[in-house]
Engineer: 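Structure incoming, see below.
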Amino acid sequence: RVLFRSQFVQLKANDTISRIEILNLNGQQICSVDNIQSMQKEIKIDSYSDGIYIARVWIKNQVYTSRFLISKGVQTQHLPIRKEPHLFQD
């Protein structure tokens, strides 16, 4: 589950999150957090420019993605999380 507040994106899972990446639509990595080992994590997004971003979340060697929109003056919105079709292998 991805929750948004004006300055943070909060990612919650039913199992341990090991890694999170935030990418812009050009595929450039904006943020990466490793070794989380928790079921939730907040990432500060107030310095991000307006646009659509992709959150990639690693849970039990599987990658899940969600897109979210940041638009100043408009509440941040997100699209549903989905499991990527392939397994992540270290």
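We use all heavy atoms of the structure for the numbers below, so side chains are in, but hydrogens, waters and symmetry mates are not.
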Engineer: Rounded to the nearest 0.5 Å, how far apart are CD1 of Ile30 and CD1 of Ile43?
Structural biologist: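 With rounding to 0.5 Å, CD1 (Ile30) is 12.0 Å from CD1 (Ile43).
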Engineer: Does Val57 belong to the same Ile/Leu/Val/Met/Phe/Trp/Tyr cluster as Met39, with side-chain heavy atoms less than 4.5 Å apart forming each link?
Structural biologist: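 No, because Val57 and Met39 fall into different hydrophobic clusters, even though each may have its own neighbours under 4.5 Å.
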Engineer: Roughly how far, to the nearest 0.5 Å, is CG of Asn24 from CD1 of Ile54?
Structural biologist: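 One finds 8.0 Å between CD1 of Ile54 and CG of Asn24.
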Engineer: Which heavy-atom pair separates Ile17 from Ile59 by the least distance, and what is that distance?
Structural biologist: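 Scanning both residues, the minimum pair turns out to be CG1-CG1, 4.1 Å.
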Engineer: Among residues at least two apart in sequence or on other chains, which ones pass side chain to side chain contact (heavy atoms under 4.5 Å, CB included) with Asn35?
Structural biologist: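 Expected list: none.
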Engineer: Please name all residues satisfying side chain to side chain contact (heavy atoms under 4.5 Å, CB included) with Gln29, sequence neighbours left out, ordered by chain then number.
Structural biologist: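 Testing Gln29 for side chain to side chain contact (heavy atoms under 4.5 Å, CB included), a comparison that skips the adjacent residues, returns Arg19, Glu21, Leu23, Ser32.
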Engineer: Are side-chain heavy atoms of Phe68 and Ile22 found at a separation under 4.5 Å?
Structural biologist: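 Of all side-chain heavy-atom pairs linking Ile22 with Phe68, at least one is under 4.5 Å.
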Engineer: Could you grab the distance from atom CZ of Arg56 to atom SG of Cys31, nearest 0.5 Å is fine?
Structural biologist: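 Here the rounded value is 13.5 Å.
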Engineer: Enter the distance from Asp50:CG to Leu69:CG here, rounded to the nearest 0.5 Å.
Structural biologist: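 Rounded to the nearest 0.5 Å, the CG-CG separation comes to 8.0 Å.
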Engineer: For the CG atom on Asn14, are there more than 12 heavy atoms of other groups (residues, nucleotides or ligands in this structure) within a distance under 6.0 Å?
Structural biologist: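 No, not enclosed.
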Engineer: With rounding to the nearest 0.5 Å, note down the distance linking CD1 in Ile20 to CD in Glu42.
Structural biologist: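 Result: 10.5 Å between the selected atoms.
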Engineer: Please list, chain by chain and in numerical order, all residues satisfying side-chain hydrogen bond (donor to acceptor under 3.5 Å, both in side chains) with Asp15, sequence neighbours excluded.
Structural biologist: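 Lys60.
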